[in-house]
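The first residue in the sequence is number 1, and the count goes up from there.
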Amino acid sequence: MNDKEKIISLLNEFANPKKMASFFVKNATPDFLFIRPSGNPIDAKGFEQMLTGDIVQEKAEITKIHRLEYLSDNIVMCIFTLGSKFSYKGAPNDDLPTVTSIFKKVNNVWKIHWMQRSTGNSDLSLWD
């Protein structure tokens, strides 16, 4: 696989509801942060605890990749829409958030370094 295919493969693994909770623990840089829709950051271990606690992930899929840009040989920015169906503290959610992510190549392995998730439902027509 080339680098682009490896990054897309990582995104698809992240979008797997059975792997999502532990994804960052296995595939993130040590200083990784996930910025939640509230604006508050959480690290890989905190994300895993959140997804094995109050959140029950039913479905997730990469709906569309809007941008995949190489910022250097070892840094890629990817912006995508994530179809996500889950419940939070029993309340059902069916979201289509836009997500910004930064990948870093560490020892020749792509790792996720940063991810920020928007709230609510993205208007996909605005990306055309």
Are any non-hydrogen side-chain atoms of His66 and Leu124 less than 4.5 angstrom apart?
yes
When rounded to the nearest 0.5 angstrom, what is the spacing between CG in Leu51 and CZ in Phe86?
9.0 Å
Out of curiosity, does Ile79 fall in the hydrophobic cluster containing Leu68 (side-chain heavy atoms, cut-off under 4.5 Å, transitive links)?
no
Verify the distance criterion only: is there a donor paired with an acceptor across the side chains of Ser84 and Gln57 at less than 3.5 Å?
yes
Using ring pair (Phe, Tyr, Trp, His ring centres under 6.0 Å) as the criterion, point out the one residue from Phe24, Phe23, Phe47 that pairs with Phe32.
Phe24
Residues two or more places apart in sequence or in another chain: which of them pass side chain to side chain contact (heavy atoms under 4.5 Å, CB included) with Ser118?
Pro97, Thr98, Ser122
side-chain contact (heavy atoms from CB on, under 4.5 Å) evaluation trace for Met115 with Val99
CA-CA 7 Å; Met115 190 171 277; Val99 181; 3.3 Å; yes
Any side-chain heavy-atom pair from Trp114 and Ile35 closer than 4.5 angstrom?
yes
Any idea which heavy atoms bring Ile65 and Phe80 closest together, and the distance?
CA-CB, 4.0 Å
Mind checking the SG-NZ spacing from Cys78 to Lys4? Nearest 0.5 Å is all I need.
9.5 Å
Which heavy atom of Ile55 sits nearest a heavy atom of Tyr88, and at what distance?
CG1-CD1, 3.5 Å
Shortest non-hydrogen pair, Ser101 vs Leu11, comes out as OG-CD2, 4.4 Å
Kindly indicate whether the side chain of Asp3, heavy atoms from C-beta on, has any atom under 4.5 Å from the side chain of Asp73.
no
Residue pairs involving residues 9-25 (criterion salt bridge (Lys or Arg N to Asp or Glu O under 4.0 Å); sequence neighbours excluded):
none
Is there a donor-acceptor pair under 3.5 Å between the side chain of Asn27 and the backbone N or O of Val25?
no
Heavy-atom check, side chain of Glu5 versus side chain of Asn2, under 4.5 Å:
yes
Treating Thr52 as the side-chain partner and Glu48 as the backbone partner, does any N or O pair qualify as donor plus acceptor under 3.5 Å?
yes
First locate atom CG of Asn74, then atom CG of Asn107, and finally report the distance between them rounded to the nearest 0.5 Å.
10.0 Å
For residues 86-99, which residue pairs qualify under salt bridge (Lys or Arg N to Asp or Glu O under 4.0 Å), counting only residues two or more places apart or in two chains?
Asp95-Arg117
Set of residues satisfying side chain to side chain contact (heavy atoms under 4.5 Å, CB included) with respect to Arg36, sequence neighbours excluded:
Phe34, Ser38, Asn40, Ile42, Met50
Residues in side chain to side chain contact (heavy atoms under 4.5 Å, CB included) with Asp31, at least two apart?
Thr29, His113
Minimum-distance pair of heavy atoms, taken over all atoms of Pro17 and Ala60:
CG-N, 3.8 Å
Please tell me if the side chains of Leu96 and Thr63 come closer than 4.5 Å, counting only heavy atoms from C-beta onward.
yes
Tell me every residue that passes side-chain hydrogen bond (donor to acceptor under 3.5 Å, both in side chains) with Lys6, counting only those two or more places apart in sequence or in another chain.
none
Check whether any side-chain heavy atom of Asn12 sits under 4.5 Å from a side-chain heavy atom of Ile62, and report yes or no.
yes
Thr100 side chain to Gln116 backbone, donor-acceptor under 3.5 Å
no
Does NZ belonging to Lys64 count more than 12 external heavy atoms closer than 6.0 Å?
yes
Distance from Glu69 atom CD to Ile75 atom CD1, nearest 0.5 Å?
13.0 Å
Between Asp123 and Trp127, the two heavy atoms sitting closest are O-CD1, 3.9 Å
Does a sphere of radius 6.0 Å around NZ in Lys105 hold more than 12 heavy atoms from other residues, nucleotides or ligands, not counting ones at 6.0 Å or beyond?
yes
Taking the side chain as every heavy atom from C-beta outward, state whether Ile112 and Trp110 have any atom pair closer than 4.5 Å.
no
Roughly how far, to the nearest 0.5 Å, is the CD atom of Glu58 from the OG atom of Ser87?
5.5 Å
